[in-house]
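I have placed the structure first, in the form of structure tokens, so that the comments after it can refer back to it.
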Amino acid sequence: MKNKSLKKQLVARFYHRNIPILCVAVFGALVSGTLNLILSWILQQLIDASSGSPDALPLLTLAKISGGFVLLCVASCMLDYVSQPRFIRRAISQYKDFAFQKLTEKSISSFRDESTATYLSALTNDAACIESDYLAQQLSLITKTVTFVGALCLMLLYSPLMTLIAAGITLLPLVASLLVGNRMEIAERRVSDRSRDFTAALGDCLSGFSVVKSFKAEREILKLFSANNKALEGEKFRKRRIRIIVGMIGAVAGIFAQLGVFLVGAYLALSGYGLTPGVVIMFVNLMNFMIQPIAELPGLLASRKAALGLIGKLAAALEKNPTPAGKVHISQLEDSISLDNVSFSYDGDKNVLHHISAVFEAGRAYAIVGGSGSGKSTLLGLLMAAGLNYTGKILFDHTELKDIAPESLYELTSVIQQNVFVFNASIRDNVTMFRDFGQKEIDRAIAHAHLGALLNQRGENYLCGENGSGLSGGEKQRISIARSLLKKSSLLLADEATAALDARTAHQVSGDILDLDGITRIVVTHTLEESLLRRYDAILVLKNGRIVETGTFDELMARKEYFYALFTVSQ
């Protein structure tokens, strides 16, 4: 039911604040269909007038009508020019905006196990199909419906017998077209799935470019890319063939019906059934407006159904892994974070953390150290609610983490990771995250993050490049620190923030984090540097997912246990 509801909401975004321009577009489609019928009548009158039929209008009158008809055609084209592109632009923009808004409402834990390729494909390739096969086609359906109904009425008015014969001629091709057209939805969904896989593979290839080059794996990666590319193009090839078959059946049906109607009409005219040459030609022309909608309708409906299937697929992805229902809001960390007998498993089978108990007092600095795979990053991730299927208790000022509203937790917490994400925007926008702050607040954050030298050198409007390609690792980390300061978070989590930096820059960035006053800092670090470790209020030592030691640097060194061994080996 939730998926159905969200699917309806996505469809509704096409028409949100878009009804007036849609009405103009629909009116234009109605006018266009009506003009097609008027053209058939004008042709009938012109042919009958040329053949000397007494019932035909005078040529001068027909010339005036033709001139007015041309003006109406121009006006109809202008209506389409003004309304249709504007309606489609707003509709697809609002659809994608709403989908992305729903995506951003997911929590970190909800999004963690999802594939970004699903959303990349849905908001690019799938959106293009929806635009062409749903939005653009619905106006075409209106025009075709008007011409079909109008043509049928005119044909019945002039000759019920000819109309029945025409309907019989088109019946069998229509059935065949319907049977083939139903395969379009399946083909469209398969293309969408392959497009998702291709997008994911391409993203991996580009993200891992340096690894590919360093291992000389160009040939193997090309094979991987080519396999996904071939699979995608193969599905598109099959979809095109189905579309061509549908179109071919429609074309054959049209030719068959037109020739049949022409031959029957000629026979009836010659046999004295009261049909004039103009009426026969009008019937042939009107048959176009009957045959074309009938022949194209299966393909149009199949494409429309396929587009709705893509919308449903996106709705299903957005509904996947629903955001936890925590409702409690906390503005800042005033007392402490406490973990009581916390265990955690990614797969529900083998625990990564075992019976963790610890207290992080507000405003203090803590280091988490341990060997690779000891659970340091997992522990930090739990504090950011990256996984809520833990056992035990995690309390923020005596409030259970699972009960805290996700948006409140994100407001409370800032995270600095090893690979800081930087947008291809100005330094200022990356610091403010595109939000408005007072200049004094920005200047204060920049000063405390030691970003002044960078701004003096390049200016606050300097474009950082894709994922910060124009900045050094230390500069990106300082941007991340400035973000946290500007956000005024109570809690700062740093996960191997200096792992990719040279020793000098790593020392400076670590010192910058420790210099921050009034913020609870929990830092996962692999760098065991005595001058920095002495500044932490406590050091938690992890081994195999368990806390084996806790204390200050001097206390841990005096015990000469696991931390002492780690520190000694690292020197």
Side-chain angles (χ1 to χ4, degrees), residues 106-113 323-324 326 328-346 351-370 373-420 480-481 483-485 487-499 510 513-514 516 518-526 536-542 545-547 550:
K106 283 178 173 280
S107 67
I108 293 175
S109 60
S110 299
F111 191 71
R112 184 189 64 191
D113 297 326
T323 299
V328 179
H329 288 264
I330 53 177
S331 57
Q332 61 180 5
L333 187 68
E334 296 179 348
D335 183 17
S336 65
I337 300 171
S338 61
L339 289 80
D340 181 15
N341 199 32
V342 173
S343 296
F344 175 75
S345 170
Y346 285 108
N351 282 343
V352 179
L353 298 177
H354 307 269
H355 311 294
I356 299 292
S357 294
V359 176
F360 302 100
E361 296 182 11
R364 293 182 176 273
Y366 298 87
I368 300 177
V369 302
S374 60
K376 304 186 298 295
S377 295
T378 300
L379 175 57
L380 210 66
L382 285 186
L383 298 180
M384 196 59 182
L388 293 179
N389 57 325
Y390 58 83
T391 59
K393 295 181 179 179
I394 301 178
L395 303 178
F396 279 63
D397 285 345
H398 313 294
T399 301
E400 168 58 47
L401 176 61
K402 295 175 182 177
D403 297 330
I404 300 174
E407 61 271 20
S408 176
L409 180 65
Y410 304 148
E411 186 68 27
L412 179 77
T413 310
S414 290
V415 180
I416 303 176
Q417 296 177 317
Q418 177 179 339
N419 296 314
V420 177
S480 184
I481 294 172
R483 286 175 183 169
S484 303
L485 292 170
K487 186 182 171 186
K488 297 180 181 177
S489 302
S490 296
L491 174 63
L492 177 64
L493 305 176
D495 187 8
E496 301 281 13
T498 62
S510 297
I513 294 173
L514 285 165
L516 303 176
I519 299 176
T520 306
R521 289 139 292 162
I522 304 176
V523 180
V524 168
T525 179
H526 72 289
Y536 289 99
D537 294 291
I539 301 169
L540 284 71
V541 186
L542 265 67
R546 291 180 170 85
I547 295 179
T550 303

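Counting only heavy atoms from C-beta outward, the side chains of L491 and F360 never approach each other to under 4.5 Å. Two residues are said to be in side-chain contact when any heavy atoms from C-beta on lie closer than 4.5 Å; D335 and H398 meet this criterion. Taking 4.5 Å as the limit, some side-chain heavy atom of L339 sits within range of a side-chain heavy atom of L379. Inter-residue side-chain proximity for V369 and T525 is flagged as met; some heavy-atom pair is nearer than 4.5 Å.
Taking NE2 of H329 as the start and CD of E407 as the end, the distance is 4.5 Å to the nearest 0.5 Å. Put simply, CG on L382 and OG on S377 are 11.0 Å apart, with the number rounded to the nearest 0.5 Å. For the atom pair CG (D495) and NZ (K376), the distance works out to 8.5 Å, reported to the nearest 0.5 Å. Distance check: I522 CD1 to Y366 OH gives 8.0 Å after rounding to the nearest 0.5 Å. Interatomic distance, OG of S338 versus CD1 of I394, reported as 9.5 Å (0.5 Å rounding). The structure places NE2 of H355 at 6.0 Å from CG of N341, a figure rounded to the nearest 0.5 Å.
A salt bridge is defined here as a Lys NZ or Arg NE, NH1 or NH2 lying under 4.0 Å from an Asp or Glu carboxylate O, and D537 with R364 meets this definition.
In this structure, the side chain of T399 does not engage the main chain of L395 through any donor-acceptor pair within 3.5 Å. Checking side-chain atoms of R521 against main-chain N and O of G363 turns up a donor-acceptor pair under 3.5 Å. In this structure, the side chain of D397 engages the main chain of E334 through a donor-acceptor pair within 3.5 Å. Side chain of S408 to main chain of I330: a donor-acceptor pair is present (N/O by atom type, distance under 3.5 Å, no hydrogens or angles). Looking only at distances, a side-chain donor or acceptor of K402 sits under 3.5 Å from a matching main-chain atom of Y390.
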Original post:
side-chain contact (heavy atoms from CB on, under 4.5 Å) between F344 and H354: does it pass, once the steps are laid out?
Top reply: CA-CA 7 Å; F344 175 75; H354 307 269; over 6 Å; no

- Task: List the steps, then state whether side-chain contact (heavy atoms from CB on, under 4.5 Å) holds for V359 with I337.
- Result: CA-CA 6 Å; V359 176; I337 300 171; over 6 Å; no

Is there a side chain to side chain donor-acceptor pair (under 3.5 Å) between Y346 and T378? Walk through the geometry before answering.
CA-CA 9 Å; Y346 285 108; T378 300; 2.9 Å; yes

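Test I416, V523, T413 against L492 for side chain to side chain contact (heavy atoms under 4.5 Å, CB included) and you get one pass: I416. A side chain to side chain contact (heavy atoms under 4.5 Å, CB included) with I547 is found for one member of L353, I368, V541, L540 and no other, namely L540.
Between N351 and S343, the shortest heavy-atom distance links the atoms ND2-CB, 3.9 Å. Closest non-hydrogen pair, Q417 versus V415, comes out as CG-CG1, 3.6 Å. F396 and L383 get closest at one heavy-atom pair: CZ-O, 3.6 Å. When all heavy atoms of E361 and T520 are compared, the pair lying nearest together is O-CG2, 3.7 Å. Minimum heavy-atom separation, L333 to S336: CD1-O, 3.5 Å. Smallest separation of non-hydrogen atoms from L412 and S489: O-CB, 3.3 Å.
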